[in-house]
Every structure is written in C-alpha cells, then in structure tokens.
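Shown next, in structure tokens, is the structure this report addresses.
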Amino acid sequence: MQALTPHVYWAQRHGEIYLRVEISDAQNLSIGVEENTLQFRGQGHGAKGENEYEFTLEFLKPVKPEVKHKSTQRQVNITVKKQEHAWWDRLTNQAKKPLFLAPDFDRWLDESDAEMELRKKEERINKISVESRIRKDRLKKSFLFMYNLVQFLGFSWIFVNMTVRLFILGQDSFYDTFHTIADVMYFCQMLAIMEVVNPAVGLVKTGVTPAFIQVMGRNFILFVIFGSLEDMQNKPVVFFVFYLWSTIEIFRYPFYMLACIDTEWKLLTWLRYTIWMPLYPLGVIAEAVAVIQSIPIFDETKLLSIPLPKATGLSLSFSYILQVYLVLMFLGLFINFRHLFKQRSRRFRTKKRKTN
C-alpha cells in the first residue's frame with residue numbers, strides 16, 4: 001500500500017500540544033519523538049480510504065520524548081508535553097505550515113483563554129488540596145477527641161471508684177486497690193502508648209521523649225512492679241500511685257479533648273497547667289517507694305534475675321536494675337518537669353499577649 005499523509009489538527013496549552021489524526025479504525029500504530037521530531041505511522045481509513053498513513057512534525061521548541069496517544073473508532077488523539085511551560089507562536093520549526101496540518105477549533109484557545117483555563121485548573125487543584133487537608137484535619141481531630149474521651153472516662157472511673165471506696169471503707173480500701181482497679185488501669189495505660197505514637201507520626205506537636213519517659217515509666221511500675229509481684233499488690237502504695245495518676249489525668253484529658261473542638265474553659269486550663277506541679281513529683285515519689293519496697297521481694301524470689309555462668313553459682317539480681325531505675329526515674333522527673341513547666345509558661349505568656 002502507498003504511504004499517504006492524513007489530515008492532522010492541532011491545538012496547544014502552555015504545557016501541552018494536542019494532535020488529532022483523522023484515521024478511523026487505526027492499526028499498527030508507531031508514534032514517537034526523536035530529536036524534537038514526531039513521527040507517525042499507522043494503517044486505517046483516512047482521507048484516501050483504507051491505506052497506510054504517515055507524517056513527520058519538527059516542533060518549534062523542545063518537547064519531552066514521552067508521547068501519549070489514544071485511538072478511537074474515528075481518530076487518533078496524541079498528547080505531547082512541552083519541555084517548558086510557554087505559549088508558542090506556531091507549532092512547527094518551519095515557518096510555512098504543512099498542507100496536512102490545520103487548527104483544531106474544537107480545542108483551540110488563544111493565549112489569554114489558555115491562561116484563564118490554567119488559572120481555573122490551578123484553583124480547582126488548590127481547592128481540592130484545601131478540602132483534602134480539611135478532611136484530614138477533621139479526621140485527626142475526631143481520632144484525638146475519641147482517644148482523650150476514652151482516657152478521661154477510664155481515669156474518671158478509677159478516681160471516682162477509689163474516692164467512694166475510701167469514704168466507705170477508709171484505710172481498708174488501701175489493701176485491695178490493685179484487685180479492684182487493675183483491669184481498667186491496664187487498659188488505660190496500654191492505650192496511653194498512643195501518646196508516644198501520636199507525636200512520632202505528627203498527629204500532635206509535642207515531644208516524643210517526655211511522653212515516652214512518662215508512659216514507659218508508668219507501665220514499668222504497673223506491669224513489672226505491681227503486675228508481676230503478688231506481694232506488692234496488697235500494699236497501700238498501690239492506692240497512692242493509682243490515685244495520684246488518676247487525679248492528674250482527669251484534668252489533662254478533658255483539656256485536650258476540648259482543644260480538639262477549639263473550646264477552652266479557663267478554670268480547666270488553669271488546673272491542667274497547675275495541678276501537676278505538686279501532684280507529678282508526689283506521683284514519682286510514690287512510684288519510687290513502690291520500687292524500693294519491691295527490691296527485697298525481687299532479691300528473695302529471684303524473679304527476673306539474670307543467671308550467670310554455672311561455675312559461679314550466682315545470678316544478677318533484678319534489684320540492681322531497679323536501683324539504676326531509681327536514679328533514671330528522678331532524672332526523668334527533672335526532664336519532664338522542665339518540659340511541662342516550659343509548656344505552662346509558654347501557654348500563659350501567649351494568653352497574656354492575646355489579652356493585651
């Protein structure tokens with residue numbers, strides 16, 4: 001079959017060139033760009049009937065080598081991307097337009113119309129981006145709200161339960177606190193691991209280190225000191241540790257919960273940033289007392305001790321690790337206390353500036 005030239009129609013935007021090749025039922029297509037020249041070859045029904053058609057176009061300015069095309073029953077649509085976003089005065093490098101080439105008036109725009117279309121496209125993209133950010137922000141706030149609500153309810157149950165039992169049973173409530181409260185405390189403290197994950201993945205803008213120190217420190221006391229030693233579970237120190245933890249959290253979690261819905265109660269804000277100042281050190285002291293009381297129990301039971309070579313007949317007692325942990329506990333108290341105090345100062349300094 002004789003190679004013929006099809007009718008080709010073109011239009012442009014600032015970043016792309018559109019070509020419409022008038023060949024129906026096209027087959028055996030070969031389309032590519034080499035050295036800024038587009039080469040087309042294919043079989044189909046065109047202006048000269050069923051034949052093989054081909055053409056070559058040398059573009060006015062550089063284009064990218066990737067070519068997209070889509071063949072339909074009536075035509076072949078080709079999209080070529082420009083190297084630079086710019087408006088061309090003409091399509092081809094040669095001043096005289098090829099005879100087979102004509103404007104595609106279905107897609108034709110002048111430069112000002114193309115700029116307006118580009119702006120509208122950018123506005124749509126920006127609008128979609130903003131809407132996407134809003135949806136993500138709402139989803140993040142909903143998750144944080146639910147997390148803080150669940151923790152608030154959990155620690156509120158602990159606080160109310162312990163307070164009621166204290167009024168009814170008096171000092172007798174000290175000795176069965178663990179068996180009454182432990183299940184809910186386990187749940188709350190396991191869930192509190194999210195307070196390390198949330199800043200690590202960027203859900204909240206707080207430091208990972210202070211959260212890690214507090215959460216892991218509490219979980220060590222709860223699961224290792226209380227959870228693994230039955231002799232510790234009946235001691236009054238459990239009551240004071242649990243009561244101090246829950247007292248702090250019943251003010252902290254509702255503060256964060258309301259922050260998720262952009263609401264603030266001044267009294268709650270003051271309590272959240274003030275009440276921890278006496279309670280947090282007291283909580284650490286209570287935890288230290290629990291560790292000290294557990295040391296002779298670990299020595300006696302050899303629980304969690306590390307056996308040394310048989311020739312020595314000795315083992316490395318877990319109590320040594322607890323003694324090191326006591327030092328780290330008060331170092332963590334200093335780090336967290338400084339962090340929380342900076343948070344408090346920054347919070348009330350910002351509020352004062354807004355008031356002024």
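Only heavy atoms go into these numbers, but all of them, side chains included; no hydrogens, no water, no symmetry mates. Quantities reported herein were computed from a predicted structural model and do not represent experimental measurements.
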With no hydrogens and no angle check, just 3.5 Å: does a side-chain donor-acceptor pair link [X] and [Y]?
X	Y	value
Trp276	Glu249	no
Asn51	His45	no
Thr269	Glu264	yes
Asn77	Gln75	yes
Tyr243	Thr163	yes

Are any of the side-chain nitrogens in [X] or [Y] under 4.0 Å away from the carboxylate oxygens of its partner?
X	Y	value
Lys81	Glu66	no
Glu195	Arg252	yes
Asp262	Lys141	yes

Would you please classify the geometry between the Phe220 ring and the Phe318 ring as parallel, tilted or perpendicular, with 30° and 60° separating the classes?
tilted

Fit a plane to each ring of Phe100 and Phe55, take the angle between them on a 0 to 90° scale, and name the class: parallel (under 30°), tilted (30 to 60°) or perpendicular (over 60°).
tilted

Between [X] (side chain only) and [Y] (backbone N and O only), is there a donor and an acceptor less than 3.5 Å apart?
X	Y	result
Arg90	Asn93	yes
Arg13	Gly15	no
Asn36	Lys61	yes
Asn198	Met194	yes
Asn148	Leu144	yes
Thr177	Ser173	yes
Gln151	Cys188	yes

Tell me whether the count of non-hydrogen atoms from other residues, nucleotides or ligands lying under 6.0 Å of [atom1] in [X] goes above 12.
X	atom1	answer
Phe187	CZ	no
Asp89	CG	no
Gln94	CD	yes
Met216	CE	yes
Tyr186	OH	yes
Leu99	CG	no
Lys97	NZ	yes
Gln39	CD	yes

Tell me if the aromatic rings of [X] and [Y] count as close, with their centers under 6.0 Å from one another.
X	Y	value
Tyr53	Phe40	no
Tyr253	Phe152	no
Tyr256	Tyr147	no
Phe240	Phe174	yes

Report the C-alpha distance between Thr5 and Glu54 in whole Å, list the side-chain angles of each, state the deciding distance to 0.1 Å, and finish with yes or no for side-chain contact (heavy atoms from CB on, under 4.5 Å).
CA-CA 5 Å; Thr5 304; Glu54 65 179 26; 5.9 Å; no

Is [Y] close to [X] at the side-chain level, that is, under 4.5 Å between some pair of heavy atoms?
X	Y	result
Phe242	Phe159	no
Ile275	Trp270	no
Gln233	Val238	no
Thr56	Leu38	no
Thr37	Val33	no
Arg74	Asp25	no
Glu287	Trp245	yes
Val80	Ile78	yes

Spacing of [X] atom [atom1] and [Y] atom [atom2] [to the nearest 0.5 Å]:
X	Y	atom1	atom2	answer
Leu153	Leu149	CG	CG	4.5 Å
Leu139	Leu203	CG	CG	9.0 Å
Ile297	Glu230	CD1	CD	11.0 Å
Met162	Trp157	CE	CH2	10.0 Å
Thr263	Leu268	OG1	CG	11.0 Å

Check against side-chain contact (heavy atoms from CB on, under 4.5 Å), Leu19 and Leu57
CA-CA 11 Å; Leu19 300 174; Leu57 287 174; 4.1 Å; yes

If you look at every heavy atom in Phe145 and Cys260, which pair is closest and at what distance?
N-SG, 3.6 Å

Identify the heavy atoms of Ser294 and Ile225 that sit nearest to each other, and give their distance.
OG-CD1, 3.6 Å

Is it possible for you to check whether Arg107 lies under 6.0 Å from the centre of the six-membered ring of Tyr18, through NZ or CZ, and within 45° of that ring's axis?
yes

Are Lys82 and Trp87 in a cation-pi setup, meaning NZ or CZ lies under 6.0 angstrom from the ring centre and within 45 degrees of the ring axis?
yes

Taking it one step at a time, do Arg272 and Trp265 satisfy side-chain contact (heavy atoms from CB on, under 4.5 Å)?
CA-CA 10 Å; Arg272 183 265 178 272; Trp265 294 348; over 6 Å; no

